[in-house]
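Scroll down for the structure; my scribbles are underneath it.
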Amino acid sequence: MCYNAAGMDNLIKELNPQQQKAVTASDGPVLVLAGPGSGKTRVLTHRVAWLVLERDAAPWSIMAVTFTNKAAREMRERLEELLGPSRARRLTLGTFHATCARVLRREAEATGISRDYVIFDADDQLRLIKQVIKDLGLDDKRYRPRAVHGAISRAKNELIPPEAYDTGTYYGEVVKRIYEHYQALLAANGGLDFDDLLMKTAQLFAQNPAVLANYQERYVHILVDEFQDTNQAQYTLLRQLSGMQHNLFCVADEDQSIYAWRGADYRNIRRLRDDHPDLLTILLEENYRSTQTILDAAHAVIRHNPDRTEKALFTRRGQGPEIAVHEAYDQDDEAQFVVDTITRVTREGVHYGDCAVMYRTNAQSRALEDAFVRAGMPYRLVGATRFYARREIKDIVAFLRLIHNPAEGVSMARVVNIPPRSIGQKTTSALENAAQERGVSVYEVMHDLPDKLGARAQRALATFLEMLEGWVAAREHLTVAQLIDRVVEDTHYADYLRDGTEEGEERWANVLELRNVAAEYEETTLTEFLADVALVSDVDNLSDDVDAPTLLTLHSAKGLEFPVVFITGLEDGLLPHSRSFDDPDQMAEERRLMYVGLTRAKDQLYLTRAFRRTRYGESDPSAPSRFLDDIPPQLTGGAKKPRRTRTQTQWDQGSDYRAGNLQSPVSKPQFRAGQRVRHADFGDGLVIESRVDGADEIVAVAFEDVGLKRLMAGLANLERLEG
DNA sequence: TGATCGCGCCTTTTT
DNA sequence: GGCGCGATCA
């Protein structure tokens with residue numbers, strides 16, 4: 001396409017003046033503060049291309065950090081078009097975690113961490129924490145593994161090692177002890193957790209100026225997407241890496257900061273300003289995604305947050321249709337409304353894949369899924385049980401991890417008796433005790449079993465060990481997919497899973513899917529495969545080739561856009577979540593979450609809530625989200641009738657509470673029979689009929705070229721012609 | 001050793 | 001309404 005500077009000229013012309021200014025800003029620190037849908041990622045991508053094509057930067061001297069693997073992959077694809085495959089391949093593109101994982105593998109000598117370390121995911125981390133709490137003889141009711149893990153994770157994100165951990169409380173002292181043991185246990189297993197990837201890399205750079213200097217010299221340009229969601233460890237890494245050249249290019253939107261609970265610190269934006277007096281700040285305020293109605297609603301919600309930089313977002317896309325607000329009876333009724341509405345809009349030319357249904361908590365997906373299944377409508381679900389967190393997948397991966405490093409205890413404990421082979425709790429605890437006494441791994445103990453074990457256990461262990469050693473020996477000449485085949489065959493894993501239930505079949509299908517993924521890794525080693533598996537998230541696998549509505553949490557929706565968006569469960573307690581009620585900072589984050597959801601929509605927004613909602617198996621009445629009150633009524637067609645909640649009696653008396661009969665306030669039609677109209681794809685035509693259906697207006701148009709079409713006025717972008 | 005049952009807590013969000 | 005965990009029994 002355009003692998004040269006002339007091509008770049010044309011690309012630059014496609015950008016608006018502010019975007020151009022950002023892309024072509026001279027070296028030195030730059031901060032792009034931009035609203036949703038303003039082409040942030042596009043600016044970042046163009047900046048990379050511009051550096052290569054106009055500034056003759058070597059591709060290998062550029063590092064771009066994205067928030068998800070998916071974003072990294074899409075950016076690389078785009079850059080392949082702009083720069084050609086060979087140059088695109090030399091760019092360093094990826095998440096902080098993936099980038100750090102690679103650095104640590106390369107710098108094994110300096111860190112003293114084995115090159116063969118495995119990455120422990122959230123599930124592994126929790127297991128380890130539980131183990132430590134048990135080993136220390138602590139009460140897991142008083143020291144909840146999840147809470148302790150959260151505290152340790154937060155400490156790591158602030159680069160606080162165990163020895164410096166000090167909260168001045170007794171509880172904190174105990175956490176400190178758990179933290180110390182946890183790190184020791186991780187090390188003994190040759191593991192690093194998610195947070196270690198960042199912390200250990202920052203420590204490496206802090207303690208080895210020579211190593212750091214190498215990276216500082218190499219990476220002349222560092223670019224960061226979604227900068228508002230960086231945590232302290234990540235900010236430190238950026239400071240370290242850009243310490244020599246100072247050419248940092250960050251793209252951020254404070255209003256979309258929704259990961260404070262994970263340690264993200266939007267104050268990093270201020271830090272960046274303070275640390276770089278010569279920082280060039282550029283605002284991007286034009287929105288290319290949404291209608292003015294959607295932007296107005298989003299602004300009306302976000303403007304209540306304190307301490308934000310006011311941005312004047314605008315669009316040239318026009319007013320667009322009103323926002324539909326729907327009150328359903330309960331979550332099933334709400335789900336039915338979603339399904340019915342999707343059915344209706346798809347009849348008018350919207351594709352399934354154009355629709356997204358969002359919610360605050362994963363638990364809300366159940367009622368929605370049920371309704372989709374009942375209606376026979378396809379859907380794609382993001383998140384709930386992540387693929388790599390599924391039991392069967394973790395089992396197979398644990399076998400692979402054992403082959404990779406038989407001394408790794410967490411995987412050993414997981415699968416030594418999977419499928420059941422008579423190695424029960426008594427046997428495993430005997431092995432673990434012996435291992436601890438001798439200061440070796442369980443794997444080594446297996447070679448020299450303690451005498452006190454019964455003959456039956458001895459035989460079972462010997463068989464298992466033989467099997468494992470066979471795999472380890474075979475590792476050299478087998479691909480990852482072939483290794484999976486061997487494991488599945490030797491353990492009869494298929495028989496174990498396929499118990500005749502539907503769930504069993506599904507689990508087996510997942511194993512086959514993992515095998516398919518592995519088959520694509522033909523060239524890669526087991527080590528690389530395992531590293532990738534640990535860092536992949538579910539959104540990353542969201543493919544565009546399935547035409548189905550997407551169900552996802554508001555968090556996963558970050559960075560995505562859809563023509564038609566449903567935000568469900570708009571109730572106090574859910575959004576904002578009740579856990580955030582008593583903390584103003586958390587409430588501000590809930591509001592930003594709502595803002596992110598609203599601004600995912602390009603054309604049409606549906607906001608739904610349920611009058612009663614079942615939580616923890618109990619159905620309770622729920623109040624509308626306070627955020628709904630902030631949306632001006634004229635945007636939702638409710639100017640005449642104030643929004644009002646029905647009482648239980650009113651619900652009971654109304655015979656029409658089922659979705660479909662219940663409609664949002666009616667707006668007046670914009671089209672009438674006899675009008676001439678123009679459509680971008682279908683050309684000119686004559687309006688035959690127009691009726692208002694819910695919040696949408698359905699227009700039948702006889703087009704000169706393509707004949708009669710029924711369109712939704714709001715979505716179709718029909719232009720009225722004079723005369 | 002492994003299957004079954006009751007209990008408590010749970011659900012905020014994920015690289 | 002479900003999952004993990006501990007106690008109890010075949």
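Throughout, protein chains are lettered first and strands after them, A, B, ... in sequence-line order, and every chain is numbered starting at 1. Since we're looking at a predicted model, the values are computed, not measured.
Side chain of A/Gln234 to backbone of A/Asn231: a donor-acceptor contact under 3.5 angstrom is found.
Taking atom NE2 on A/His577 and atom P on B/dT13, their separation rounds to 8 Å, with Å as the unit. Going from atom CD of A/Glu589 over to atom C1' of B/dT13 covers 8 Å, rounded to whole Å. For A/Gln125 and B/dT15, the CD to P distance is 13 Å, given to the nearest whole Å. A/His149 has its NE2 atom 12 Å from the C1' atom of B/dT15, to the nearest Å.
At the heavy-atom level, A/Glu226 lies nowhere under 4.0 Å from the strands shown. Contact annotation for A/Lys130: backbone-only contact, meaning every heavy-atom pair under 4.0 Å involves sugar-phosphate atoms and none involves a base.
OP1 or OP2 of B/dT14 sits under 4.0 Å from a side-chain N or O of A/Asn362. For B/dT13, the OP1/OP2 oxygens have no side-chain nitrogen or oxygen of A/Ser556 closer than 4.0 Å.
With respect to the salt-bridge test (charged N to carboxylate O, under 4.0 angstrom), the residues A/Arg308 and A/Asp255 qualify. A salt bridge is absent between A/Arg154 and A/Glu158; no separation between the charged side-chain nitrogens and carboxylate oxygens falls under 4.0 Å. Between A/Glu571 and A/Arg613 there is a salt bridge, with a side-chain nitrogen of the basic residue lying less than 4.0 Å from a carboxylate oxygen of the acidic one. Taking a cutoff of 4.0 Å between a charged side-chain nitrogen and a carboxylate oxygen, A/Asp265 and A/Arg267 qualify as a salt bridge.
On the nucleic acid side, DNA chain C has its first and last nucleotide under 4.0 Å of a heavy atom of chain A at C/dG1 to C/dC5, going 5' to 3'.
With sequence neighbours excluded, the residues satisfying side-chain hydrogen bond (donor to acceptor under 3.5 Å, both in side chains) with A/Glu589 are A/Arg592. Residues passing the side-chain contact (heavy atoms from CB on, under 4.5 Å) test with A/Glu432 are A/Ala413, A/Val442, sequence neighbours excluded.
Going from the P atom of C/dG4 to that of B/dT13 covers 15 Å, rounded to whole Å.
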Self-check item: Reading 5' to 3' through nucleotides 1-10 of chain B, protein heavy-atom contacts under 4.0 Å coded B for base, S for sugar-phosphate only, - for none
Solution: SS------SB
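Relative to the six-membered ring of A/Tyr266, A/Arg271 misses at least one condition, a distance below 6.0 Å or an angle of at most 45° to the axis.
Close placement of the A/Phe67 and A/Tyr259 rings is indicated, their centers lying within 6.0 Å of each other. The aromatic ring centres of A/His149 and A/Tyr182 sit 6.0 Å or more apart.
Proximity of residues 229-237 of chain A to DNA chain B (heavy atom under 4.0 angstrom from any strand atom) is not detected for any residue.
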Quiz item: How would DNA chain C look in dot-bracket form, 5' to 3', counting Watson-Crick and G-U wobble pairs with both distances under 3.5 Å and writing | for bases paired to another strand?
Solution: .|||||||||
